[in-house]
Student: 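Can you read through this structure? Questions will come right after.
So you know, we letter chains A, B, ... as the sequences are listed, proteins then strands, and number each from 1.
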Amino acid sequence: MIVRFGFVAMSLVVQNASPSRTQTYAGFSKLDDRDAAIRRLERLAEENLSNTLRILKHCRAHDIRMYRFSSKLIPLATHEALAGWDPFEALHAAFREVGDYAKKQDMRVSFHPDHFCVFSTPRPEVLANSIRDIVYHVRMLEAMGLDERSKNNIHMGGAYGDKETSAERFVRQFGELEDRLRHRITLENDDKTFNAKETLAAAETVQVPMVLDIHHHAVNPGDTGEEELTEGLWPRIAETWRKERERLGLSSEADLPPKIHASSPKHVSDPRGHADFVSAEPVVSFLRRAARTSAALDCMLEAKHKDAALFRLMEDLKELESRGEGVKVLDGGRVEISPF
DNA sequence: ACCTGTCAAGTCTGG
DNA sequence: CCAGACTTGACAGGT
């Protein structure tokens, strides 16, 4: 199985390259020239996009083929008070340049709208905000000129005291989204409410691919044991991706491999928190089992130290390779994992 | 230059 | 019923 690794949003290696510079609404409304204030937001967005491009070039230089964009590329993008503002016109060229570069380097890119995007919510205004947030993220992918292989990963949301009803509400409300939005979404198991089995059931029902977070699974496994995860759930998760490839007319698993997230617990007292780095052994242990089913897989690292954690993991993988642990570091940032 | 409280947004818990 | 925790990088205002 061929595995590629990626990291999230910012680089700890490239200096002064934040893709998430912003402005508070309090600061924005203090400026009395509204046009100038809006131009300032657009200037910040251009700076964020130009730093995003710098990070993509850094990825290319280090054979990193997977990256998650910051959701904060455009400051105050979905704020109520800026509802009439369309930043995409001014940012057209900047978005296109980022997208063109990602395509040229054949990078897998994505977004991860954060916890304000909740399709299980019983509150109509929260649902409306969630749709607005998804539209914002989809418009960014479209402005980059990226096809539907590039997606926005979300969680199902809260349980509100009744997880079953909540899951049904998720399926109903999510199902009402137009195809243009639905085809841009993946579903991920979370660390305290919807576990891997429940998330997979929902993903199968609404027909979107599922992203498996193996750290979330470790702290929120439900009744799913390790054996059932790799022998029972993983083949079904891989199948959600096969269906998506079929829908997109892609023939090879390498064209859109299943995706997982990996991170390590911050501390025994805070097992849900993300550690600075990622321990290689538990990840390799999962990958070797997944390799029974899959020929390709992409793994997003969610570590505090971002790309620095990725570089350290690659060094640790080389160490495992030298000990004959079923790992082989290839060129192009790819790692070959042998099944066991 | 550095430190600390705050930030647009949601949900859950505990008092 | 409401305040605070959760989580995160960066702003904003202070020294």
Side-chain angles (χ1 to χ4, degrees), chain A residues 7-31 37-38 40-41 43-45 47-49 51-52 55 68-85 87 111-137 152-163 165-167 169-170 173-174 188-195 213 215-216 219-220 261 263-267 269-276 300-309:
Chain A
F7 70 100
V8 174
M10 67 186 292
S11 169
L12 262 67
V13 176
V14 185
Q15 296 294 299
N16 302 312
S18 169
S20 310
R21 287 204 58 198
T22 189
Q23 167 138 51
T24 59
Y25 183 67
F28 174 85
S29 41
K30 235 180 275 173
L31 303 166
I38 282 176
R40 183 182 147 73
L41 297 181
R43 214 170 48 241
L44 280 169
E47 191 186 326
N48 289 338
L49 285 162
N51 280 333
T52 297
I55 294 167
R68 183 202 297 163
F69 296 119
S70 163
S71 279
K72 301 193 184 87
L73 291 175
I74 308 177
L76 303 175
T78 57
H79 194 282
E80 288 264 5
L82 285 141
W85 170 48
F111 282 104
H112 193 349
D114 52 12
H115 65 283
F116 308 114
C117 193
V118 274
F119 285 97
S120 73
T121 186
R123 297 163 57 196
E125 72 276 20
V126 173
L127 177 61
N129 289 341
S130 300
I131 294 169
R132 182 162 51 195
D133 203 24
I134 284 292
V135 168
Y136 160 62
H137 283 90
N152 302 301
N153 182 52
I154 63 170
H155 296 288
M156 292 177 69
Y160 314 91
D162 181 350
K163 193 152 67 166
T165 303
S166 212
R169 192 167 43 235
F170 172 89
Q173 296 184 149
F174 187 93
E188 179 194 344
N189 59 308
D190 70 71
D191 59 359
K192 46 181 186 202
T193 307
F194 290 100
N195 59 45
D213 188 311
H215 180 198
H216 291 169
V219 294
N220 184 25
H261 288 177
S263 48
S264 293
K266 190 184 176 68
H267 192 263
S269 66
D270 179 16
R272 296 201 340 250
H274 287 173
D276 293 349
M300 181 65 81
L301 301 187
E302 295 182 321
K304 285 265 190 295
H305 285 209
K306 313 290 179 189
D307 52 342

Student: Counting primed atoms plus P, OP1 and OP2 as sugar-phosphate and everything else as base, spell out the protein contacts along nucleotides 8-15 of chain B at 4.0 Å heavy-atom distance: B, S or - for each nucleotide, 5' to 3'.
Tutor: BBBSS---

Student: Would you call the rings of A/Tyr25 and A/His79 parallel, tilted or perpendicular if under 30° counts as parallel and over 60° as perpendicular?
Tutor: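 Parallel, since the angle between the ring planes stays under 30°.
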
Student: How long is the span from the CZ atom in A/Phe111 to the CG atom in A/Asn153, to the nearest 0.5 Å?
Tutor: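 Between atom CZ of A/Phe111 and atom CG of A/Asn153 there are 13.0 Å.
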
Student: Pick from A/Val126, A/Leu127, A/Ile154, A/Asn152: which one makes a side chain to side chain contact (heavy atoms under 4.5 Å, CB included) with A/Cys117?
Tutor: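 So the option named by the test is A/Ile154.
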
Student: Rounding to an integer number of Å, can you tell me how far A/Met10 CE sits from C/dC11 C1'?
Tutor: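 Going from CE in A/Met10 over to C1' in C/dC11 covers 14 Å.
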
Student: What is the distance from NZ of A/Lys30 to C1' of B/dT6, rounded to the nearest Å?
Tutor: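 It works out to 12 Å between those atoms.
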
Student: For B/dA8 and C/dG13, measure between their P atoms and round to the nearest Å.
Tutor: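 That atom pair is separated by 12 Å.
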
Student: Using Watson-Crick and G-U wobble pairs whose two distances are both under 3.5 Å, how do you write the pairing of DNA chain C as dot-bracket, with | for links to another strand?
Tutor: ||||||..|||||||

Student: Just to be sure I understand the rule, does A/Lys304 reach a base, reach only the sugar-phosphate, or reach nothing, if contact means heavy atoms closer than 4.0 Å?
Tutor: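 Touches sugar-phosphate only.
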
Student: Heavy atoms, side chains only, cut-off 4.5 Å: are A/Leu73 and A/Leu49 in contact?
Tutor: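 Result yes, sub-4.5 Å side-chain heavy-atom pair found.
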
Student: C/dT8 P sits how many Å from A/His112 NE2, rounded?
Tutor: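 Rounded to whole Å, this separation is 11 Å.
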
Student: Expressed in whole Å, how much space separates the C1' atoms belonging to C/dT8 and B/dA1?
Tutor: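 23 Å, rounded to whole Å.
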
Student: What's the NE2-P distance between A/His215 and C/dT7, to the nearest Å?
Tutor: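 Going from A/His215 (NE2) to C/dT7 (P), I get 10 Å.
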
Student: Can you list every salt bridge (charged side-chain N to carboxylate O under 4.0 Å, His left out) pair that touches residues 7-19 of chain A, not counting sequence neighbours?
Tutor: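 For residues 7-19 of chain A, and leaving out neighbouring residues, there are no salt bridge (charged side-chain N to carboxylate O under 4.0 Å, His left out) pairs at all.
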
Student: Classify the ring geometry between A/His155 and A/His112 as parallel (under 30°), tilted (30 to 60°) or perpendicular (over 60°).
Tutor: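 The rings of A/His155 and A/His112 sit tilted, inter-plane angle from 30° to 60°.
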
Student: Pick one: which of A/Ser71, A/Ser70, A/Ser11 meets side chain to side chain contact (heavy atoms under 4.5 Å, CB included) with A/Pro19?
Tutor: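 Testing each of A/Ser71, A/Ser70, A/Ser11 against A/Pro19, the sole residue satisfying side chain to side chain contact (heavy atoms under 4.5 Å, CB included) is A/Ser70.
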
Student: Is there a side-chain contact between A/Met156 and A/Lys163 (heavy atoms, below 4.5 Å)?
Tutor: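 Not in contact.
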
Student: Please check if any side-chain donor atom of A/His215 sits under 3.5 Å from a side-chain acceptor atom of A/Glu302, or the reverse.
Tutor: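 No donor-acceptor contact under 3.5 Å links the two side chains.
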
Student: What integer number of Å spans the P atoms of C/dA12 and B/dA9?
Tutor: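 That atom pair is separated by 16 Å.
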
Student: Check the distance between C/dT8's P and A/Asp276's CG and give it to me in whole angstrom.
Tutor: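 Distance check: A/Asp276 CG to C/dT8 P gives 11 Å.
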
Student: Would you mind reading off the distance between A/Phe7 atom CZ and C/dG9 atom P, rounded to a whole angstrom?
Tutor: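 Atom-to-atom, A/Phe7 to C/dG9, this comes out as 13 Å.
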
Student: Using a 4.5 Å cut-off on heavy atoms from C-beta on, say whether the side chain of A/Tyr160 contacts that of A/Ser120.
Tutor: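 Heavy-atom side-chain distance check passes, below 4.5 Å.
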
Student: Given the P atoms of B/dC2 and C/dT7, what is the spacing between them in whole Å?
Tutor: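 The answer is 28 Å between these two P atoms.
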
Student: For C/dA10 and B/dT11, measure between their P atoms and round to the nearest Å.
Tutor: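 My reading of the P atoms in C/dA10 and B/dT11 gives 26 Å.
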
Student: What is the distance, rounded to the nearest whole Å, between atom NE2 of A/His216 and atom P of C/dT7?
Tutor: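 Checked: the NE2 to P distance equals 10 Å.
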
Student: Between B/dC3 and C/dC6, how far apart are the two C1' atoms, rounded to whole Å?
Tutor: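 The same atom, C1', in both gives a distance of 23 Å.
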
Student: What integer distance in Å separates A/Arg272:CZ from C/dC6:P?
Tutor: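 Value for this atom pair: 9 Å.
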
